[in-house]
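Okay, so here's the structure we're looking at.
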Number of protein chains: 2
Amino acid sequence: MAKIRERNRELIIQAASEIFAAQGFAATKTVDIAEQAGLPKANVYYYFKSKKNLYRSVIESVIEPLLQAATPFYQDDDPATVLEQYIRAKIRVSQQHPSASKVFASEIMHGAPHLPDDIAAQMMEQTRVSSHKIQSWIDRGLMDPVDPHHLLFTIWASTQTYADFDWQISRVTGKDKMTQRDYDIAADQLTRLILKGCGVQAIQMSGA
Amino acid sequence: MAKIRERNRELIIQAASEIFAAQGFAATKTVDIAEQAGLPKANVYYYFKSKKNLYRSVIESVIEPLLQAATPFYQDDDPATVLEQYIRAKIRVSQQHPSASKVFASEIMHGAPHLPDDIAAQMMEQTRVSSHKIQSWIDRGLMDPVDPHHLLFTIWASTQTYADFDWQISRVTGKDKMTQRDYDIAADQLTRLILKGCGVQAIQMSGA
DNA sequence: GTCTATAGCATGATAGAC
DNA sequence: GTCTATCATGCTATAGAC
């Protein structure tokens with residue numbers, strides 16, 4: 001029955017995401033993935049053929065929410081609205097998909113050796129669109145003349161940090177786990193910092 | 001001769017930093033470290049006894065520049081001066097010690113399993129001092145009432161990103177390697193963004 | 001102190017019974 | 001399709017010659 005196949009693949013990918021995120025690719029043992037998924041190790045190989053192949057599947061499953069976060073840039077043209085929505089979306093990803101964020105961060109940090117070309121291309125295209133839009137706001141005098149790429153780097157880094165460096169954040173704040181309220185505070189403050197820091201005109205009719 | 005011992009330990013630690021940074025702990029083979037250091041593999045074990053032990057030594061050697069970057073908080077009391085010096089120092093670390101930054105980032109991302117307690121304690125102490133100082137500026141009306149911890153998270157993330165995610169930055173900017181000028185632009189822009197974004201009074205007599 | 005040669009082990013992968 | 005039992009590899013670590 002194909003249902004079982006789907007269900008088991010799903011279970012394995014979910015388990016693998018968590019363990020790859022926590023330990024990294026090389027440190028992860030397939031037997032641990034199997035155990036966490038509640039299946040014998042041979043099943044992992046039956047469905048995915050190799051550890052590398054499973055990792056690729058994890059990357060693909062994990063990339064979806066990350067790419068989704070950029071939609072505000074495609075839906076609106078007001079800097080305050082877009083930047084705020086973007087920052088909030090990115091923080092939501094860190095909150096709801098911490099493993100995805102970590103697997104991705106680790107992959108990038110090591111030079112993206114397993115990132116499929118088409119995914120890298122999609123990300124580059126999103127970056128191109130986003131930075132062009134930022135540049136157009138600057139040209140229209142809607143914000144300070146910043147370097148769009150560096151602004152994006154700052155937003156990416158300071159939103160992803162809530163997933164990737166959760167250990168440090170946990171230590172500093174003295175909380176085991178950030179609450180919804182903590183994420184809201186983080187998003188509010190980062191939004192204010194970026195908007196004010198870039199001299200974005202706060203109130204404009206959205207979509208205008 | 002003790003000179004040889006020092007020199008070889010140095011060579012091995014240097015080689016190990018680079019390879020641990022590039023591949024991660026588990027993916028790193030001691031034979032590669034030995035090769036990069038220009039020594040036989042047995043020497044690595046002779047000097048460091050085990051791979052884990054070598055990794056600990058790398059962490060310790062690598063932590064020094066990272067801790068150093070916080071000195072502005074101990075040397076001055078003007079928000080504009082301290083924050084600017086701090087941001088520039090952190091970016092300089094990313095530029096001059098990219099491997100250190102990556103090894104450290106990877107360690108934190110995996111829950112800091114090998115970070116010696118005394119180093120973790122030093123970092124916590126620095127964080128405590130820095131956030132108290134920020135709070136005191138807020139209390140004196142020298143900047144907007146931001147959450148000091150989240151401000152630090154933003155500064156850490158957006159400065160370290162120039163080392164940790166250099167692959168991505170390289171792809172986006174289309175340059176193989178950032179030039180001195182690129183780092184200057186990054187530091188200038190981030191400084192302006194943070195100072196303006198936090199409503200820091202730009203001109204005060206330093207040290208006053 | 002240095003290095004070669006090898007032991008011992010952990011783990012990715014598979015053959016083959018069910 | 002599922003799972004056990006086993007192989008094969010590649011790595012850490014060390015014994016022992018120089």
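So that the names make sense, note that chain A is the first sequence line, chain B the second, and so on, each numbered from 1.
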**OP:** Write down the distance between CD1 (Ile19(A)) and P (dT11(C)), rounded to a whole number of angstrom.
**Re:** 13 Å
Subject >> Atom pair distance, as rounded to whole Å: CZ in Arg7(B) and P in dG1(C) >> reply: 14 Å
Original post:
Below 4.0 angstrom from OP1 or OP2 of dC3(D), is there any side-chain N or O of Tyr46(A)?
Top reply: no
**OP:** Calculate the interatomic distance between Ile12(A) atom CD1 and dA13(C) atom P; express it in whole Å.
**Re:** 14 Å
Original post:
Lys51(B) side chain: which of dT4(C), dT12(D), dA13(C) is closest?
Top reply: dT12(D)
Original post:
So what does Phe48(B) touch, heavy atoms closer than 4.0 Å: a base, only the sugar-phosphate, or nothing?
Top reply: nothing
Original post:
Rounded to whole angstroms, how far apart are CD1 on Ile4(A) and C1' on dC3(D)?
Top reply: 14 Å
Subject >> Ion pair check, Glu125(A) and Arg128(A), cut-off under 4.0 Å >> reply: yes
Subject >> Under 3.5 Å donor-acceptor, Lys102(B) side chain and Ala22(B) backbone >> reply: no
Original post:
Distance check: side-chain N/O of Asn8(A) vs OP1/OP2 of dT2(D), anything under 4.0 Å?
Top reply: yes
Subject >> Atom-to-atom span, CG of Asn43(A) to C1' of dA13(C) - whole angstrom >> reply: 14 Å
**OP:** Would you indicate what Asn53(A) reaches in the nucleic acid, counting non-hydrogen atoms under 4.0 angstrom: base, sugar-phosphate, or nothing?
**Re:** nothing
Original post:
Charged N to carboxylate O below 4.0 Å: is that the case for Asp144(B) and Lys196(A)?
Top reply: yes
Subject >> His150(A) side, atom NE2; Asp182(B) side, atom CG - distance, nearest 0.5 Å >> reply: 6.0 Å
Original post:
Rounded to whole angstrom units, what separation is found between the CD atom of Gln23(B) and the P atom of dC11(D)?
Top reply: 11 Å
Original post:
Taking OP1 and OP2 of dT14(C), is either one under 4.0 Å from a side-chain nitrogen or oxygen of Tyr45(A)?
Top reply: no
**OP:** Determine the contact category for Lys41(B): base if any of its heavy atoms lies under 4.0 Å from a base atom, sugar-phosphate if only primed atoms, P, OP1 or OP2 are that close, otherwise nothing.
**Re:** base
Subject >> Contact nearer the 5' end of DNA chain C, comparing Ala42(A) with Ala27(A) >> reply: Ala27(A)
Subject >> Name of the residue among Val62(A), Val58(A), Leu115(A) meeting side chain to side chain contact (heavy atoms under 4.5 Å, CB included) with Glu107(A) >> reply: Leu115(A)
Subject >> Gap between atoms CG and C1', on Leu39(A) and dG1(D) respectively (whole Å) >> reply: 12 Å
Original post:
Separation of Leu11(A) atom CG from dT2(D) atom P, in whole Å?
Top reply: 12 Å
